[in-house]
Asker: 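The structure under discussion is supplied below as C-alpha cells; questions concerning it will follow.
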2 protein chains.
Amino acid sequence: MNINDISRATLGRLPRYLEFIETSPEVSHGPGARVSSSLIARNLGLGEVLVRKDLSALAGAGRPKTGFDVSDLETALREYIGSDNPTPVIIVGAGRLGTAILNYKGFTGFGVEVVAAFDRSGSKKNDRHIMPLEDMRSYCEKNGIRIAIMAVSDDACQTICDIVIEAGINKILNFSQVRPSVPENVLVEQLNIALSLAALKHSGI
Amino acid sequence: MNINDISRATLGRLPRYLEFIETSPEVSHGPGARVSSSLIARNLGLGEVLVRKDLSALAGAGRPKTGFDVSDLETALREYIGSDNPTPVIIVGAGRLGTAILNYKGFTGFGVEVVAAFDRSGSKKNDRHIMPLEDMRSYCEKNGIRIAIMAVSDDACQTICDIVIEAGINKILNFSQVRPSVPENVLVEQLNIALSLAALKHSGI
DNA sequence: TAGATTGTTAATCGATTAACAATC
DNA sequence: TAGATTGTTAATCGATTAACAATC
C-alpha cells in the first residue's frame, strides 16, 4: 500500500489521527518523540493493525519497539490532508442549505475551504456576499476552482449543473436527489441526507 | 439473500427503482403488467444482475421471460421503504443547518418525515415552530419518536446528545464532527460533509 | 422450439481483521 | 536477552460482476 491509494475510509480517519496527536496529553512532542499505533487505536476506538496500515501508507514505516515519529507523522498528515493549504471550493445555490454550508466551520481540518457562493441573483446573507451565477465562470477561471458544492432544488439540478461544468468545475458534491448527467471527465458525488436517515431507520438495533 | 438483509447500498437504489417504475413511460401498469430488470438497469445505469438481486431480495423471484410483476414490485418497494407510512424523526438544533433540513423536501421518498425541531430556546422560523429542549422528552414519548437528527455545534454535541438519549432516542444522525460517546444500545451515524468534499478532492480524475 | 429473461454459483475487489514473523 | 512494537501474509466479510444454467 502506498500513498497514492489512500482509501476514502482511511482519509476519514486521518483528521482524527492528526487531532489526537496534536491535542492528546499522552503524546509528547519533543524532538525524536514517538507515538505507537496501539495508543492511537485505543484512544480512537479503532483496531491497531488498521491504524498501523493507515499510518505506514501515509508516512512510511514505523520503527518496531518505538513506534512512529510524532513530528514526521504530523507533517505527513498535514501535508496529505492539506489543512495548511486548503483547496478552494465554491457553493452553488444559496438557499437555506447552501447558506448553512457557507457558514459551516468544519472544512479546514479536512483541507478544503469554501471561498465563494453563487445564486441566481446575487445577494448578501449573514455577512457573506453571494455572487450571481453569471460571475461564476470568470471567478472560477481566475481562482482556479475545480470543485463545487451544489445545493439547489431537484428541478434546477441539471440546468445549474450544466452551467457549473461550463465554468470549469470537474468535481461536484451534489445535495440534490437528482443525479445530473455529466461528461465523463466530470465526477459527481451524491450526498443524500434522506438515505442516511433511511439507512438508520432500517438498521436493526 | 432475503428481505432481512437489504444492504445500505441496495436501500439507496430502492427509491430509484420505485421512481422509475412509477414514472417511466416504458413501464405499463395494467393488471399483469411486467417489467424486466434489464430495462430498469439500462435506464438507471446499473448492472442488470445487481438490479435482479435487489428486486428478488425485496419482492421475491421474478419470472423468466416475462420479468417482475409491476404491481407486486411497487407494493413491495413502497412497503419496504415505508413511503406511505413514514417514520417520524425530530431535528435537534435549529441553526442554519437544522432549519435547512427542517424545510428539506426529499425525505418522504425515503420513508421518513421530520415532524418537529427543538432548540435551546423555542422560536418560530420560516413558518415552522421550534420547541424548546425541555419539551423534547415528553414530545418523543407521546409520539413514539426514536430517531433524531443532530445539527448542533461540535462544542454542544456531547451535552445535547445526552439529553437526546434521555428523551428516548436510540438512533442519531449526527452532523457534528464530534463523535459523542453513547450507551451501546444507541446507534450514531456520522454524516460528515467535509469528509465527502475531501474525498472528492483526493479522487483522481 | 427458440429466445428472452431469470436464478445461481463462482470470481473479483476493497476494507478489515487475525495470526504470526521480524526487529530494535 | 526479552519484550514492545512493527510489518506481512492470509483469512474474512460484503458488495459487485461474470459466467452459465434454468425456465417459461
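To find a chain, count down the sequence lines: A is the first, B the second, and so on, and within it residues start at 1.
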Asker: Send over the distance from B:Phe68 CZ to C:dA4 P, rounded to a whole Å.
Answerer: 18 Å
Asker: Considering Watson-Crick and G-U wobble pairs with both distances under 3.5 Å, what does C:dG14 pair with?
Answerer: D:dC13
Asker: May I ask you to say whether A:Arg78 pairs ionically with A:Glu22, meaning some side-chain N is under 4.0 Å from a carboxylate O?
Answerer: yes
Asker: Do the side-chain N or O atoms of B:Ser37 get closer than 4.0 angstrom to the phosphate oxygens (OP1, OP2) of C:dT6?
Answerer: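 Checking C:dT6 against B:Ser37, a side-chain N or O does come within under 4.0 Å of OP1 or OP2.
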Asker: Using whole Å, report how far CG of A:Leu55 lies from C1' of C:dT16.
Answerer: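 Atom-to-atom, A:Leu55 to C:dT16, this comes out as 15 Å.
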Asker: Does B:Ser7 have a side-chain nitrogen or oxygen under 4.0 Å from the phosphate oxygens OP1 or OP2 of D:dA15?
Answerer: yes
Asker: For B:Arg13, which contact category applies under a 4.0 Å heavy-atom criterion: base, sugar-phosphate, or nothing?
Answerer: sugar-phosphate
Asker: How long is the line joining CD of B:Glu48 and P of C:dT8, in whole Å?
Answerer: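 Between P of C:dT8 and CD of B:Glu48: 16 Å.
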Asker: Would you kindly compare B:Gly62 and A:Pro64 by the position of their nearest DNA chain C nucleotide and give the one closer to the 5′ end?
Answerer: B:Gly62
Asker: Rounded to whole angstroms, how far apart are NZ on A:Lys65 and P on C:dC24?
Answerer: 12 Å
Asker: Which of these nucleotides, C:dT5, C:dT17, D:dA15, is closest to any side-chain atom of A:Leu50?
Answerer: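 Per side-chain heavy atoms of A:Leu50, the pick is C:dT17.
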Asker: Could you check A:Leu14, A:Val112, A:Leu18 and say which one makes a side chain to side chain contact (heavy atoms under 4.5 Å, CB included) with A:Ser83?
Answerer: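 Running side chain to side chain contact (heavy atoms under 4.5 Å, CB included) over A:Leu14, A:Val112, A:Leu18 with A:Ser83 returns exactly one hit, A:Leu18.
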Asker: When the nearest nucleotide of DNA chain C is assigned to A:Leu46 and to A:Thr66 on a heavy-atom basis, which residue is associated with the more 5' position?
Answerer: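 Residue closer to the 5' terminus by nearest nucleotide: A:Leu46.
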Asker: Knowing that exactly one of B:Arg179, B:Glu189, B:Gln190 qualifies, which makes a side chain to side chain donor-acceptor pair (under 3.5 Å) with B:Asn174?
Answerer: B:Gln190
Asker: On a plain distance test, is the side chain of B:Lys53 in donor-acceptor contact with the base of D:dT17 below 3.5 Å?
Answerer: yes
Asker: Classify the ring geometry between A:Tyr80 and B:His202 as parallel (under 30°), tilted (30 to 60°) or perpendicular (over 60°).
Answerer: parallel
Asker: Hunt down the Watson-Crick or G-U wobble partner of D:dT23, both distances under 3.5 Å, from any strand shown, or write none.
Answerer: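 Base partner found: C:dA4.
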Asker: Rounded to whole Å, how long is the line connecting atom CD1 of B:Ile40 with atom C1' of C:dT6?
Answerer: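 Checked: the CD1 to C1' distance equals 13 Å.
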Asker: Is A:Arg52 touching bases, backbone alone, or none of the nucleic acid, heavy atoms closer than 4.0 Å?
Answerer: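 The answer is base, as A:Arg52 lies within the cut-off (heavy atoms under 4.0 Å) of a base atom.
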Asker: How many Å lie between CZ on B:Arg63 and C1' on C:dG3, as a whole number?
Answerer: 16 Å
Asker: Less than 4.0 angstrom between a side-chain N/O of A:Thr10 and OP1 or OP2 of C:dG14, yes or no?
Answerer: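 Answer no for this pair, as no side-chain N or O of A:Thr10 is under 4.0 Å from OP1 or OP2.
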Asker: How long is the line joining CD1 of A:Ile6 and P of C:dT16, in whole Å?
Answerer: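 It works out to 12 Å between those atoms.
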Asker: Please report, rounded to the nearest Å, how far the C1' atom of D:dT17 is from the CG atom of B:Asp54.
Answerer: 13 Å
Asker: Going by side chain to side chain contact (heavy atoms under 4.5 Å, CB included), A:Met136 matches just one of A:Ile145, A:Val164, A:Ile160. Which one?
Answerer: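 The side chain to side chain contact (heavy atoms under 4.5 Å, CB included) with A:Met136 is passed solely by A:Val164 among A:Ile145, A:Val164, A:Ile160.
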